[in-house]
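Let me begin by presenting the structure, written as structure tokens, before commenting on it.
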Amino acid sequence: MPARPHVFVAASTALLAAAVIPATVLPALAVPAEAPHAPAPHTPLSLDPAARVLVSPMSPGSPDLETSDPETSDPVTRAPETSDPVTSDPVPSAPVPSAPASPKRPGAPGPAAGPPAGKESFRHDGSPEDEPVTAEALRSRANGCDQISNGRYRTRESTPATIPVCDARGAVFWKADMDIDCDGQATAHCNRSADPYYQDTTAYTQADGKALNPEELPYIVVPLSSSIWNFRSSGIRGGSVAAVIHRDKVQYAVVGDTGPPGIIGEASYATARALGISADPSGGGVPSGVTYIVFKDSEISRLDDQETITRRGGELAKQFIRDN
């Protein structure tokens, strides 16, 4: 039979082509005959030690895989990603966002504790924290009496001693009348003509050393220390902040003066006027119905700083409600 040179040439050419096919093509030719279960996205290529080629576990039926033409030797290509011929980790074409964690999955932390969305935190009396304390709320905490005084006070020299000083968390309080104290700097309504008992001094003074202004500054009077009660032993000093309540009004004031050791229930012209009480030093005031709450260890350095008195009074009143 005559030799067929063209057959040997074709066979040799095919063998030579197989020897020089780049390594990057061989993995594509090694498509498994039977597709395994669908792998997770971006499964790295593995090295088959027997075939000494990189094998992809992706199924030929995957949507991102192009199969080769059985009549040609065109390699199979993977559109979404490329493979480094040295390493087996594929390079993703775009980051894949992780699924958001479900707040209801077992073991997931719950929402932070606190008031519902859009709601303010509330005090024990049910009022929002950012609103001023009401007269009713303060009176409700100054209900009953853990008496701290050794005896009781009179409201005037002619009245019986019926007023105890009561202890509470962070404060002391008493319920009495209100007499008008016009002592201090002389003003249009507080002077010797208007008040027969007028004095131009006060036990405690302004930052500049002058007596307090009774017509402008809300202050209260505490009894001088005696066997009945020593106010200093309760953490009360000149400049201590107080809340004075009458009906539905609250006025913050400071301890600004001292009075007779056996009498209680007196405040400045400015305090009475702010509470809607007649401030006439000769015939004003009320015979009962006033609650005085003095906060312990609360003195301010400038007794005439009304802005600080109001701010600190509001803070201390809220604390008083929380603690009692």
Side-chain angles (χ1 to χ4, degrees), residues 135 138-184 197 199 201-205 211-212 214 217-246 250-268 270-272 275 277 285-301 303 309 312-313 316-317 319-321 323-324:
L138 286 171
R139 265 195 299 264
S140 70
R141 296 306 191 273
N143 190 20
C145 182
D146 179 9
Q147 185 170 330
I148 195 174
S149 58
N150 294 323
R152 300 192 174 202
Y153 287 95
R154 304 173 187 272
T155 57
R156 296 190 179 186
E157 289 290 350
S158 58
T159 60
T162 59
I163 310 298
V165 175
C166 309
D167 194 25
R169 293 187 183 92
V172 296
F173 65 89
W174 58 89
K175 300 177 182 180
D177 67 337
M178 180 180 284
D179 293 326
I180 308 303
D181 186 349
C182 255
D183 293 344
Y197 302 103
Q199 298 181 39
T201 60
T202 50
Y204 306 102
T205 61
L212 303 179
L217 181 69
Y219 69 76
I220 66 170
V221 180
V222 295
L224 283 167
S225 296
S226 68
S227 59
I228 300 175
W229 177 53
N230 181 350
F231 61 88
R232 293 182 182 87
S233 65
S234 296
I236 308 304
R237 305 285 188 276
S240 291
V241 180
V244 188
I245 304 102
H246 177 64
V250 179
Q251 176 59 46
Y252 298 111
V254 290
V255 173
D257 205 357
T258 56
I263 295 177
I264 203 168
E266 191 174 3
S268 69
T271 306
L275 291 171
I277 296 172
V286 289
S288 62
V290 181
T291 301
Y292 302 79
I293 301 174
V294 189
F295 303 107
K296 300 175 181 178
D297 303 315
S298 63
E299 61 270 21
I300 60 175
S301 58
L303 277 67
I309 294 171
R312 285 290 291 146
L316 292 165
Q319 187 65 45
F320 177 74
I321 287 177
D323 292 346
N324 292 277

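Just the heavy atoms: all of them, side chains too, but no hydrogens, waters or symmetry mates, feed the values below.
Of all non-hydrogen atoms in Ala243 and Phe295, the two that sit nearest each other are N-CE1, 4.0 Å. Heavy-atom minimum distance, Cys182 versus Pro214: O-CG, 3.3 Å. Looking at every heavy atom in both residues, Val241 comes nearest to Gly313 through CG1-CA, 3.7 Å. Considering all non-hydrogen atoms of both residues, Gly239 and Val254 come closest at O-CG1, 3.9 Å. Of all heavy-atom pairs spanning Thr291 and Ala142, the tightest one is CG2-CB, 4.3 Å. Contact detail for Gly235 and Ser240: the closest heavy-atom pair is O-OG, 4.1 Å.
Between the side chain of Ser268 and the backbone N or O of Ile180, no donor-acceptor pair lies under 3.5 Å. A donor-acceptor pair under 3.5 Å is absent between the side-chain atoms of Asp181 and the main chain of Ala267, judged by distance alone. The backbone N or O of Thr155 lies less than 3.5 Å from a partner atom in the side chain of Thr159, making a donor-acceptor pair.
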Got a list of side-chain donor-acceptor pairs under 3.5 Å for residues 257-266, not counting sequence neighbours?
from   : atom 1 : to     : atom 2 : distance (Å)
Asp257 : OD1    : Ala203 : N      : 3.0

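The side-chain contact (heavy atoms from CB on, under 4.5 Å) check on Ala242 picks up Ile220, Val294, with sequence neighbours excluded. In terms of the side-chain contact (heavy atoms from CB on, under 4.5 Å) criterion, residue partners of Ile228 (sequence neighbours excluded) are, by chain and number, Ser149, Tyr153, Ser226. Evaluation of the side-chain hydrogen bond (donor to acceptor under 3.5 Å, both in side chains) rule for Trp229 yields Ser234 as partners, not counting sequence neighbours. Scored by the side-chain contact (heavy atoms from CB on, under 4.5 Å) test, Ser225 finds Asn230, Phe231, Arg232 as partners (sequence neighbours excluded). Judged as a side-chain hydrogen bond (donor to acceptor under 3.5 Å, both in side chains), and not counting sequence neighbours, Glu299 has no contacts. Qualifying side-chain contact (heavy atoms from CB on, under 4.5 Å) partners for Thr205, counting only residues two or more places apart in sequence or in other chains: none.
To the nearest 0.5 Å, the span separating OH on Tyr252 from CD1 on Ile309 amounts to 12.5 Å. The CG atom of Leu138 sits 10.5 Å away from the CG atom of Asn324 when rounded to the nearest 0.5 Å.
Looking only at side-chain heavy atoms (C-beta outward), Ile245 and Val290 stay at 4.5 Å or farther from each other. In this structure, the side chains of Gln251 and Pro218 come closer than 4.5 Å at one or more pairs of heavy atoms. Looking at Tyr219 and Thr202, their side chains come closer than 4.5 Å, going by heavy atoms from C-beta outward. Put simply, the side chain of Thr271 reaches to within 4.5 Å of the side chain of Met178, judged on heavy atoms. In this structure, the side chains of Ile277 and His246 come closer than 4.5 Å at one or more pairs of heavy atoms. Between Ile293 and Val172 there is no side-chain heavy-atom pair separated by less than 4.5 Å. Residues Ile236 and Val255 are in side-chain contact: their nearest non-hydrogen atoms beyond the backbone lie under 4.5 Å apart.
For residues 160-177, every residue pair satisfying the side chain to side chain donor-acceptor pair (under 3.5 Å) rule, not counting sequence neighbours, is listed here: Asp167-Lys296. Sorted by first and then second residue, the salt bridge (Lys or Arg N to Asp or Glu O under 4.0 Å) pairs with a member in residues 152-163 read Arg156-Asp179; sequence neighbours excluded.
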Chi angles and distances behind the side chain to side chain contact (heavy atoms under 4.5 Å, CB included) call for Tyr292, Phe173:
CA-CA 5 Å; Tyr292 302 79; Phe173 65 89; over 6 Å; no
Evaluate the criterion side chain to side chain contact (heavy atoms under 4.5 Å, CB included) for residue pair Val244 and Leu275; output intermediate values, then yes/no.
CA-CA 8 Å; Val244 188; Leu275 291 171; 3.6 Å; yes
